Amino acid sequence: MNDIDPGALRNAFGSFMTGVTVVTTFDTDHAPLGFTANSFSSVSLDPPLLSVCIAKASQNLDTFTQAAGFAVNVLTEEQIDLSNTFARPVENRFNCVDYARGPAGSPILDGVAAWFDCSLFKAVDAGDHIILIGEVKGFEDANKAGLGYARGTYITPNASAQALSEATEVVVSALIEREGQVLLWDDAIGGLALPEKVVTTQGASAALVELLAETGLEAKPGFVYSVFEDTYRRRQHLAFLCEASDGTPSRGAFVSMDAQALDDVTDPAIVTMLARRARERAQGSIGIYVGNERRGETRLTA
């Protein structure tokens, strides 16, 4: 089994830990089992550990806590039906998807955005849930847009854009992080802004990929971090949380997210977003904001 690359694993954690996942294993009769989880968390890079939670009321609790391991399958934006299937008490859930054994032996679902195959490191009692901590033995990032969930509904780049008014401009921006800093570049009025791009007929996902390419960085599309209506400029804004590896951006620079560093950011909504992200990093949490440039709701996901 290949050694885990800590840098690649860190990037994968950063891109996908707020996504909708299906956690899978095999029972003692070698039958596949799985359940939907709205998020998972990175625990450690050395050794490489992650965690997910399973309710004590789950009929599969004993199987997952006693299994040799489990896999976390991050779903793509096209796999909403799969998420619903594994979230309900449906028999023969695996009839609707192909799968293969991962390097540690757990079921890896076909076509997912990413997967992490783990051995069971520890099961921790936590109130009405059990925290499953897994040691990552293998993983793969397919560089696909992941499926998000907030305010009781799914959030995807394309679905979010389609839900926005066709009469207004749609803009995607990239909150690209690296080692606690964020990439900012010059805006059109002498200040700083997040990298952003107007969405045309190519759709939000394609616009995000093009925007990341324009930064000159090895940055992967992440999850929707904020969905808000900019009523002042009559446009809809989709902000994506992304992570970049080493390299020099072709435009702009990475800066810290403290109050002084954000003085030159001209859009108050972006200042608020970056201040929220700085607080979340300090607290070890992450959320998705939905609203407008003045008020809305943030759902914490990890």
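None of these values were measured; they are calculated from a predicted model.
By the side chain to side chain contact (heavy atoms under 4.5 Å, CB included) test, S173 is found to be paired with L194, E196, H237, A239, residues two or more places apart in sequence or in another chain being considered. Residues meeting the salt bridge (charged side-chain N to carboxylate O under 4.0 Å, His left out) test with E177, sequence neighbours left out: R277, R281. In this structure D187 satisfies the side-chain hydrogen bond (donor to acceptor under 3.5 Å, both in side chains) test together with T266, sequence neighbours excluded. For R101, there are no side-chain hydrogen bond (donor to acceptor under 3.5 Å, both in side chains) partners two or more places apart in sequence or in a different chain. Applying the side chain to side chain contact (heavy atoms under 4.5 Å, CB included) criterion to L192, with sequence neighbours excluded, gives L184, D186, D264, V265. Residues satisfying the ring pair (Phe, Tyr, Trp, His ring centres under 6.0 Å) criterion with F64, sequence neighbours excluded, are F35. Every side-chain hydrogen bond (donor to acceptor under 3.5 Å, both in side chains) that E214 has, sequence neighbours left out, goes to K197. Judged as a salt bridge (charged side-chain N to carboxylate O under 4.0 Å, His left out), and not counting sequence neighbours, the contacts of R276 are E280. With sequence neighbours excluded, no residue satisfies ring pair (Phe, Tyr, Trp, His ring centres under 6.0 Å) with Y225. Here Y99 pairs with F94 under the ring pair (Phe, Tyr, Trp, His ring centres under 6.0 Å) rule; sequence neighbours left out.
Screening residues 112-123 for salt bridge (charged side-chain N to carboxylate O under 4.0 Å, His left out) gives no qualifying pairs among residues at least two apart or on separate chains. Counting only residues at least two apart or in different chains, salt bridge (charged side-chain N to carboxylate O under 4.0 Å, His left out) contacts with residues 43-59 comprise K56-D125.
For the pair L109/W115, no side-chain contact is recorded, criterion being any heavy-atom separation below 4.5 Å from C-beta on.
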